[in-house]
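Every heavy atom of this structure was used, including side-chain atoms; hydrogens, water molecules and symmetry mates were not. Position 1 is the first residue of the sequence; numbering continues from there.
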Amino acid sequence: MELSSQRSQKLPLALALLALLLLGAGSLYLTWQNLRQMQQTVFEHMLLSAKSITRGLDIQLADGMRRMRWQGMHNKQARENLAPAARELFQEMVAQGDLLFIGLYGPNDKPLVVVGQKDASTTFTPPAPLFNMIRSLNEASTPVIINGKAALLYGTQGQPHLLRLYGHKHNRFLPPQEQQTYILLGLSAEKHLAQFKLYRRAALMQTGYIFLAGFVLWLLAVAYFQRREEDKQIIKLERFQANLLDNMPDGLLTLSPNETILAANGSAHSMLDSPEGKTLAGLSWKNFSFESIQKFRRGDVLWEHVKLNGKNLELIFFPYFESSEEHRTMVIIRDRTDIAELEDDLNEARRLASIGSLAAGVAHEIRNPLSSLRGFAQLFAEKLKNEKPYGTYARTMLEEADRLNRVVTDLLYLSKPHELDKQPVDLNDLCESMNTLLGFDLEHKGAILDHNLEAHKVYADPDGIRQVLLNLLVNSLDAVPERKGQIFINAKGNDHGVWISVCDNGPGMPEDVRKHALEPFFTDKPKGTGLGLAIVNTIMRGHSGRVTIPSSAATGTCVELFFPSIHNEGS
């Protein structure tokens, strides 16, 4: 999932980067093309200017030549003044500033008249290939540097009769290279280059702006996708936290400073027995009637053990600050009912172990002299059976010795229970055997033993469950009224095990008796030993089960036994 998310995030970023590169490459190409076109335009403009100036200069020189011819028939001195006039014309044109160099060259590329700004006429020499190009193409141009300034050098062929200005005679029968003249112009390119540089600078700035804008857009795209991914992570985290709070086994509450419940998760609603469909939010924490059992504080954390509606709850209070001004209290609620029961069972087991150790020692010390006393009592009962009241005393001594022996036997069983051989037991056969075993006592008391078995099998030790039911039935038989007694054995099963209950229609068990009924040596009967239910409890512990005595109704008592199934034993 996370790898796929990273790939889905990188793909748009890669596309955005590719688009930025394509945009930059396209912008660079267009800028280069525009600069190239601008440079070509500048060159063409300068070339056109050079051609125009050269054509005008050629025309002026031709006009001067025609005047020389007309004046040559009447004034010989006019011809002698024409060459200086041409030089003066060149100087005037150079003085205007656009031309850096003007030269008139004759046969064999010899300079006839050369004029330049400052000392350009003496320091600058046109490149020789230029004359060859002029002879081949009638004109030629090339960029040059004249006195440190960029210039366009343009040359074209002049009129052959211009040679007469300088004493050369024109003869059409001479070879062409001896009649040819050349006019060269060095046109300054500084202004044009300055404009070109401004344009180039603007183009580069525009390209840089596009690059910067594209880079900023790419950064925004990166930030957007990162933010979107962070939002997704935040949403996932919020969902996880919401699911965690809703499904965590512990309750969680938020209290305002006046102890009003602001929020509660599902477990809190369940532990505090909130009515179905209603929320705890808005209720006051003071409305709950907690029975405080124990509490202590450690720093800012308050721990309290309470009871509510039969549940053992653990409450942990600690401060929670959303800001420096908003003070709230978080409450963690834990259900300790099962743990409390286990703690009670552990304490009970420890108490029984100590009592059992004491009982075992006492029983061993009693059994030996008790055997001797019973032997003598039996002897006296035989010898004095016909003598009264001594025979009666002897029989009483024998009966009490037997009862005391049963107590000792129970003490030994309580201190060291028998090993249990658990196996499936048929409850129908067990109930029939209880009817047979207690048949005489039931008939003597005028009581009825009935059973209602929804479950027919239980996983238990046959002798152990028989002892448990026998003890409970004997107690019920003692409690039911004469001639109207009713005792019921019920059995129900589920996935966890089997519940067996023994109920009677006796007077019921008072609450103060019920709370201590399973304790050894506790009894409300005049002749009871208080070991019957304690032995039942011991046997049920050996089965990993439990004994519960619900609060009695107006009449009758029920003792419930739980035998776990073979799959849930010890769970």
Side-chain angles (χ1 to χ4, degrees), residues 402-403 406-407 409-410 413 418 420 422-494 497-510 513-514 517-518 523-540 542-543 545-564:
D402 290 337
R403 190 173 70 85
R406 288 195 298 271
V407 172
T409 302
D410 291 341
Y413 189 93
H418 302 299
L420 301 179
K422 301 176 187 177
Q423 55 186 275
V425 176
D426 190 292
L427 291 178
N428 290 289
D429 295 342
L430 183 61
C431 290
E432 292 297 332
S433 66
M434 291 294 106
N435 260 316
T436 302
L437 186 62
L438 297 175
F440 176 77
D441 296 322
L442 291 170
E443 183 179 356
H444 178 73
K445 191 75 180 270
I448 299 175
L449 175 61
D450 200 359
H451 58 268
N452 179 21
L453 306 177
E454 296 182 12
H456 301 282
K457 294 284 185 180
V458 65
Y459 185 70
D461 177 75
D463 293 334
I465 191 172
R466 185 185 300 273
Q467 180 70 39
V468 167
L469 289 181
L470 183 61
N471 286 5
L472 294 179
L473 291 174
V474 169
N475 287 344
S476 295
L477 193 60
D478 290 339
V480 296
E482 295 282 347
R483 306 302 173 183
K484 297 181 180 179
Q486 294 180 349
I487 305 173
F488 301 95
I489 300 177
N490 303 314
K492 295 182 180 181
N494 54 32
V498 176
W499 283 93
I500 299 176
S501 61
V502 177
C503 302
D504 59 57
N505 63 341
M509 187 179 294
V513 175
R514 186 185 69 84
L518 300 180
T523 181
D524 61 342
K525 299 178 182 179
K527 296 183 179 182
T529 62
L531 295 176
L533 289 179
I535 292 175
V536 170
N537 191 26
T538 301
I539 296 175
M540 292 306 299
H543 284 83
R546 60 180 178 270
V547 182
T548 59
I549 305 176
S551 298
S552 298
T555 58
T557 301
C558 280
V559 179
E560 297 178 349
L561 311 171
F562 175 71
F563 292 86

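Annotation: side chain of Val474 is not in contact with side chain of Leu477 (no heavy-atom distance under 4.5 Å). His451 places none of its side-chain heavy atoms less than 4.5 Å from the side chain of Phe488. In this structure the side chain of Arg483 never reaches within 4.5 angstrom of the side chain of Lys445, judged on heavy atoms. Looking at Leu473 and Leu437, their side chains never come closer than 4.5 Å, going by heavy atoms from C-beta outward. Considering only heavy atoms from C-beta on, Cys558 stays 4.5 Å or farther from Val502 through its side chain. Counting heavy atoms from C-beta on, the side chains of Val425 and Lys457 never come closer than 4.5 Å. Taking the side chain as every heavy atom from C-beta outward, Asp504 and Gln486 never approach each other to under 4.5 Å.
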> Yes or no on side chain to side chain contact (heavy atoms under 4.5 Å, CB included) for Ile487 and Asp450, after CA distance, side-chain angles and deciding distance?
Replying inline: CA-CA 6 Å; Ile487 305 173; Asp450 200 359; over 6 Å; no
>> Quick one, Trp499 with Thr548, criterion side chain to side chain contact (heavy atoms under 4.5 Å, CB included). Give me CA distance, side-chain angles, the key distance, then yes/no.
In response: CA-CA 11 Å; Trp499 283 93; Thr548 59; 4.1 Å; yes
> Taking it one step at a time, do Leu472 and Leu533 satisfy side chain to side chain contact (heavy atoms under 4.5 Å, CB included)?
Replying inline: CA-CA 7 Å; Leu472 294 179; Leu533 289 179; 3.5 Å; yes
>> Pair Leu442, Asn435 - check side chain to side chain contact (heavy atoms under 4.5 Å, CB included), show working.
In response: CA-CA 8 Å; Leu442 291 170; Asn435 260 316; 3.9 Å; yes
> Where do His456 and Asn428 land on the side-chain hydrogen bond (donor to acceptor under 3.5 Å, both in side chains) test, with the steps shown first?
Replying inline: CA-CA 6 Å; His456 301 282; Asn428 290 289; 3.1 Å; yes
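Taking each heavy atom of Ala447 and Val480 in turn, the nearest pair found is CB-CG2, 4.3 Å. Across Phe562 and Met540, no two heavy atoms sit closer than the pair O-CE, 3.2 Å. Scanning both residues, Gly545 and Pro564, for their nearest heavy atoms gives CA-CD, 3.9 Å. When all heavy atoms of Pro462 and Ile465 are compared, the pair lying nearest together is O-CG2, 3.3 Å. The two residues Tyr459 and His543 have their closest heavy-atom pair at O-CD2, 4.4 Å. The heavy-atom pair separating Val498 from Ala455 by the smallest distance is CG1-CB, 4.1 Å.
A donor-acceptor pair is defined here as one N or O able to donate and one able to accept, closer than 3.5 Å; no such pair exists between the side chain of Ser501 and the backbone of Val559. No donor-acceptor pair closer than 3.5 Å links the side chain of Lys492 to the backbone N or O of Ile500. For the pair Asn494 (side chain) and Gly497 (backbone), a donor-acceptor distance under 3.5 Å is present. Arg546 places no side-chain N or O within donor-acceptor distance of the main-chain N or O of Leu561, the cut-off being under 3.5 Å. A donor-acceptor contact shorter than 3.5 Å links the side chain of Asn505 to the backbone of Lys484.
Neither side chain, Gln467 nor Asp463, offers a donor N or O lying under 3.5 Å from an acceptor on the other.
Considering OG1 of Thr557 and CE of Met509, their distance stands at 5.0 Å, rounded to 0.5 Å. Here the CG-CG distance, from Asn490 to Leu427, works out to 11.5 Å after rounding to the nearest 0.5 Å. Between the CG atom of Leu430 and the CG atom of Leu453 there is a distance of 9.0 Å, given to the nearest 0.5 Å.
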